[in-house]
Amino acid sequence: MDFADFLHTHPIFDVIARQAAARSVRAYVIGGFVRDLMLKRPSKDIDIVCLGSGIELAEAVGRELKVPVTVFKNFGTAMLRTDWEPDSTAIDANRAPGWEVEFVGARKESYRAESRKPIVEDGTLEDDQNRRDFTINAMGISLNAEDFGQLIDPFDGQNDLRRKTIRTPLSPVLTFSDDPLRMMRAIRFAAQLGFDIEPDTFEAIAAMKDRLQIVSRERITDELNKIILSRQPSYGFKLLYHAGLLDFIFPELLALKGVETIEGKGHKDNFYHTLQVLDNVAERSDDLWLRWAALLHDIAKPATKRFDPKVGWTFHGHEDLGSRQVPGIFRQMKLPLNEKMRFVRKLVRLHLRPIALVKEQITDSALRRLLIEAGDDLEALMTLCRADITSKNYDRVKKHLANFDKVERKLKELDERDKLRNFQPVITGELIMETFGLKPSKEVGHIKTAVREAILEGTVANSFEAAIPYMIEEGRKLGLVPVKDPALALESLSQRGQDTSDSNL
Ligand code: CTP
């Protein structure tokens with residue numbers, strides 16, 4: 001690859017080269033950008049290392065481009081955004097808007113953007129490359145007139161790219177001691193790029209695994225999410241397992257491992273099953289949270305495992321217990337405790353429901369309930385359920401999938417007919433209280449449930465005309481008499497600004 005030609009196609013490099021020359025400092029494109037350029041992989045940012053002040057160079061470039069520069073004094077770095085879009089075929093041309101360019105002075109000590117220590121000692125380019133994480137991340141391209149476009153690759157990273165190998169530039173013990181997160185990064189790059197980890201590097205990870213405990217959970221989870229988002233995440237998880245890192249970062253997943261046998265009956269290894277489900281989901285969806293749902297769908301199997309001499313191994317209620325474990329795991333992992341978590345919890349809770357529908361005679365009411373509970377997440381749930389079929393028996397898989405098609409067709413028909421998605425019952429607790437002159441009480445709940453059940457069963461339509469008479473009838477059964485015309489009750493509620501559609505089914 002002719003790097004000089006490539007650099008000339010992007011004005012940012014010429015501007016940096018010109019400004020560096022004007023200040024007599026040497027500048028190089030370095031790290032992930034060079035790696036991704038050689039792999040023809042979209043790259044999100046450009047790192048520039050210079051022999052001198054990165055901040056001053058960034059400010060000069062910012063002035064010429066008339067773009068603002070953000071300075072991180074403590075880290076000795078500065079950042080700006082180009083506002084033109086890259087257009088090379090080697091780089092993702094659709095990525096807008098522009099690139100993030102980070103400038104740093106070459107340093108003697110370890111490269112660590114997150115380090116709180118101020119940068120004290122300037123170094124040579126070689127010093128800087130020595131202290132980077134992997135050979136494939138330590139390559140530089142010169143932006144200097146005398147050797148513009150030349151690749152500077154002291155550790156033969158180019159060959160490691162060709163051999164698909166992750167290897168540290170210096171001794172792995174030294175490189176990992178500088179920043180133990182790099183142990184996770186090694187596995188993350190292996191997973192993202194489909195590379196092997198060189199044996200000495202891998203052995204050092206296994207030996208130094210406990211050092212990961214000094215790294216913040218956020219940074220670990222960041223890497224874990226990148227593994228989960230890779231093309232075949234099981235590979236990354238198997239590396240984490242074999243290196244011994246899983247024990248610390250995700251013990252609940254590790255607990256799924258192993259097969260117990262009683263009276264000659266074994267169950268499947270739920271760790272490998274889960275990884276297979278995760279890969280299956282990954283083939284169908286890029287959604288991080290759907291992938292998390294796959295990882296956690298059977299998480300409560302160890303806690304619910306029982307042996308019954310008649311039926312063998314059972315895991316009754318693992319979907320409910322599992323969904324209850326989701327918030328704790330999210331909290332521990334420093335994952336968001338928002339609607340993403342609720343989505344994962346919901347999918348874990350519902351993951352057996354479509355399978356149960358395949359087995360039973362499908363009734364409209366069972367389908368309706370699933371439709372309502374899954375709401376907008378029905379497609380995601382069906383993706384998870386299809387992925388959950390991991391039998392090695394091809395005919396069985398085919399049969400299951402065909403049954404799923406049938407369930408899905410019926411759900412669609414029912415959805416179109418009843419418009420029940422994200423269903424809210426028209427009869428609310430407030431309306432019941434207003435009509436019968438009740439305070440919050442058991443009776444209110446009873447009537448509300450009765451109306452909701454009738455709507456789900458399909459005997460009453462989800463409309464005021466149909467549901468109000470049913471509500472009155474249910475009240476009568478409890479010996480209650482309306483104190484107000486329900487139409488008037490409805491009106492006064494809406495005047496008071498009451499939300500007449502409460503959502504807690
Ligand atoms: N780096 C390092 N050690 C770290 C983090 C980063 O040596 N713990 C160096 C590597 O040379 C890396 C560069 O800093 O290439 C940029 O880091 P980062 O942006 O985190 O990673 P990229 O390699 O760019 O990859 P990605 O964007 O996929 O994270």
Side-chain angles (χ1 to χ4, degrees), residues 28-50 54 72 75-79 81 86 91-92 95 99-117 119 123 125-141 151-158 160-161 166-195 197 201 204-205 208 211-212 214-216 218-231 236 245 288:
Y28 303 85
V29 188
I30 192 117
F33 187 87
V34 179
R35 174 201 70 221
D36 288 341
L37 183 63
M38 294 170 88
L39 289 172
K40 300 196 177 358
R41 219 172 152 245
S43 188
K44 61 177 175 19
D45 32 48
I46 305 175
D47 284 316
I48 303 292
V49 69
C50 69
F72 306 96
F75 304 140
T77 65
M79 194 267 287
R81 284 187 153 278
I91 306 293
D92 180 13
R95 216 185 46 79
W99 274 323
E100 216 170 83
V101 191
E102 186 152 342
F103 295 79
V104 62
R107 37 182 94 159
K108 248 199 179 92
E109 62 179 66
S110 169
Y111 177 85
R112 250 195 300 158
E114 302 78 5
S115 165
R116 277 185 203 92
K117 276 186 294 173
I119 308 304
L125 176 66
E126 199 187 335
D127 290 331
D128 192 278
Q129 288 176 304
N130 276 337
R131 305 319 288 262
R132 287 181 180 262
D133 54 2
F134 305 112
T135 59
I136 60 166
N137 287 345
M139 295 181 279
I141 299 175
L151 182 71
I152 299 145
D153 180 15
F155 310 106
D156 212 0
Q158 206 173 8
D160 282 341
L161 278 184
I166 306 293
R167 184 166 62 93
T168 55
L170 304 180
S171 102
V173 173
L174 183 60
T175 301
F176 293 142
S177 301
D178 277 347
D179 180 5
L181 182 74
R182 288 172 169 173
M183 298 190 281
M184 285 288 292
R185 282 174 62 92
I187 293 174
R188 184 260 285 193
F189 283 117
Q192 280 182 327
L193 304 174
F195 279 25
I197 301 177
T201 303
I205 299 176
M208 298 172 71
R211 303 264 191 107
L212 197 61
I214 63 162
V215 175
S216 78
E218 287 83 352
R219 294 180 76 206
I220 294 176
T221 296
D222 228 36
E223 297 298 329
L224 191 65
N225 280 341
K226 287 180 182 171
I227 293 171
I228 294 172
L229 283 172
S230 65
R231 207 178 51 79
L245 294 177
L288 175 64

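Both ligands and their constituent atoms are indexed starting at 1 by order of listing. Just so you know, these numbers come straight off a predicted model, no measurement behind them. Residue indices begin at 1 and follow the sequence shown.
- Here atom 8 (N) of ligand 1 lies nearest to Asp179 when heavy atoms of Asp179, Ile30, Thr175 are compared.
- Ligand 1 has an N or O atom lying under 3.5 Å from an N or O atom of Arg182, backbone or side chain.
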| request: Go through the steps for Arg35 and Asn137 under the test side chain to side chain donor-acceptor pair (under 3.5 Å), then give the verdict. | output: CA-CA 6 Å; Arg35 174 201 70 221; Asn137 287 345; 2.6 Å; yes
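- Remark: the backbone N or O of Thr175 is paired with a side-chain donor or acceptor of Arg182 at under 3.5 angstrom.
- For ligand 1, the atoms closer than 4.0 angstrom to any heavy atom of Gly31 are 15 (O).
- Between Arg167 and Asp156 there is no salt bridge, since none of the side-chain N atoms of the basic residue sits less than 4.0 Å from a carboxylate O of the acidic one.
- At least one heavy atom of Asp47 lies less than 4.0 angstrom from ligand 1.
- For Phe189, every heavy-atom contact with ligand 1 shorter than 4.0 Å involves the side chain, none the backbone.
- A salt bridge does not link Arg107 to Asp127: none of the charged side-chain nitrogens sits closer than 4.0 Å to a carboxylate oxygen.
- The contact set between ligand 1 and Lys226, taken as ligand atoms under 4.0 Å from a residue heavy atom, comprises 29 (O).
- Atom 21 (O) of ligand 1 has its nearest heavy-atom neighbour, among Glu100, Arg185, Arg188, in Arg185.
- Among the atoms of Gly32, some N or O lies under 3.5 angstrom from an N or O of ligand 1.
- Exactly one of Ile48, Val49, Ile46 qualifies for a side-chain contact (heavy atoms from CB on, under 4.5 Å) with Phe103. That residue is Ile48.
- For the pair Glu100 (side chain) and Asp47 (backbone), a donor-acceptor distance under 3.5 Å is absent.
- Judged by distance alone, with hydrogens and angles left aside, the side-chain atoms of Ser230 form a donor-acceptor pair with the main-chain N or O of Ile227 at under 3.5 Å.
- Between Asp45 and ligand 1, no pair of N/O atoms sits closer than 3.5 Å.
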